[in-house]
Amino acid sequence: QVQLVESGGGLVQAGDSLRLSCAASGRTFSRYAMGWFRQAPGKERDFVAGISRNSGSTLYGDSMKGRFTISRDNAKNTVDLQMNSLKPEDTAVYYCAARFEDTAYTGTYVYTKLRQYGYWGQGTQVTVSS
């Protein structure tokens with residue numbers, strides 16, 4: 001089991017950058033594929049970015065491509081989301097998510113669906129003003 005704690009959210013202006021971080025508890029962080037999702041008021045929780053267990057594969061939501069970068073450090077049990085060129089429509093609560101993956105898998109798969117993740121953080125608010 002893993003516990004996730006996000007940090008780094010805040011209020012920024014359009015065009016600014018922000019870096020979110022997710023710290024995971026436990027000694028088996030490398031056994032989890034990781035992802036970031038976000039949820040704006042009144043909307044569904046959407047996929048933002050995902051990274052495979054071995055960091056070899058990443059995927060992004062369409063509106064994030066070229067602006068956001070996900071990375072992980074298995075030695076530090078962290079996964080980060082670097083967000084550049086932020087827009088007001090990026091305003092949302094951002095959630096870190098983890099999916100345990102058996103070692104029988106190659107560790108190269110990225111999960112993009114909400115239901116594929118079994119562990120979630122409490123979320124961190126990102127507000128982008130125009």
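When reading the values below, keep in mind they use all heavy atoms of this one structure, side chains included, and skip hydrogens, waters and symmetry mates. In this chain, numbering begins with 1 at the start of the sequence shown.
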Output yes when a side-chain donor or acceptor of S130 lies under 3.5 Å from a complementary backbone atom of P88, and no otherwise.
-> no

For residues 80-130, pull every pair meeting disulfide (SG to SG under 2.5 Å), keeping only residues two or more places apart or in separate chains.
-> C22-C96

If you look at every heavy atom in A49 and L81, which pair is closest and at what distance?
-> CB-CD1, 4.0 Å

Using a 4.5 Å side-chain heavy-atom cut-off and chaining through intermediate ILVMFWY residues, the residues clustered with L114 come out as F37, F47, L59, V93, Y95, Y109, V110, Y111, Y117, W120

Got Q125 and T91 here, is their nearest side-chain heavy-atom distance under 4.5 Å?
-> yes

Indicate yes or no: at least one non-hydrogen side-chain atom of M34 is less than 4.5 angstrom from one of L4.
-> yes

T124 side chain to S7 main-chain N or O, any donor-acceptor pair under 3.5 Å?
-> no

Test salt bridge (charged side-chain N to carboxylate O under 4.0 Å, His left out) applied to R53 - qualifying residues, sequence neighbours left out | E101

Taking every non-hydrogen atom, the tightest pair across V5 and Q122 = CA-OE1, 3.8 Å

Pairwise side-chain contact, R72 with I70, heavy-atom cut-off 4.5 Å (strictly under) | no

Hey, could you give me the OG1/CG distance between T127 and L11, rounded to the nearest 0.5 Å?
-> 6.0 Å

Which pair of heavy atoms, one from Y60 and one from T69, lies closest together, and at what distance?
-> OH-CA, 3.3 Å

Do any pairs count as a salt bridge (Lys or Arg N to Asp or Glu O under 4.0 Å) and have a residue in residues 78-98, sequence neighbours left out, and if so which ones?
-> R19-D80, R38-D90, R67-D90

Looking at side-chain heavy atoms only, is the closest gap between M83 and V48 below 4.5 Å?
-> no

Salt bridge (charged side-chain N to carboxylate O under 4.0 Å, His left out) involving K65 - partner list, sequence neighbours excluded | D62

Measure the CH2-CG distance between W36 and L20 for me, rounded to the nearest 0.5 Å.
-> 4.5 Å

Under 3.5 Å donor-acceptor, N74 side chain and F29 backbone = no

Residues forming a side chain to side chain donor-acceptor pair (under 3.5 Å) with N54, sequence neighbours excluded = S52

Spell out, yes or no, whether F100 and V2 are grouped together once hydrophobic residues are joined by side-chain heavy atoms under 4.5 Å, including indirect joins.
-> yes

Do other residues, nucleotides or ligands put more than 12 heavy atoms under 6.0 Å from Q39 CD?
-> yes

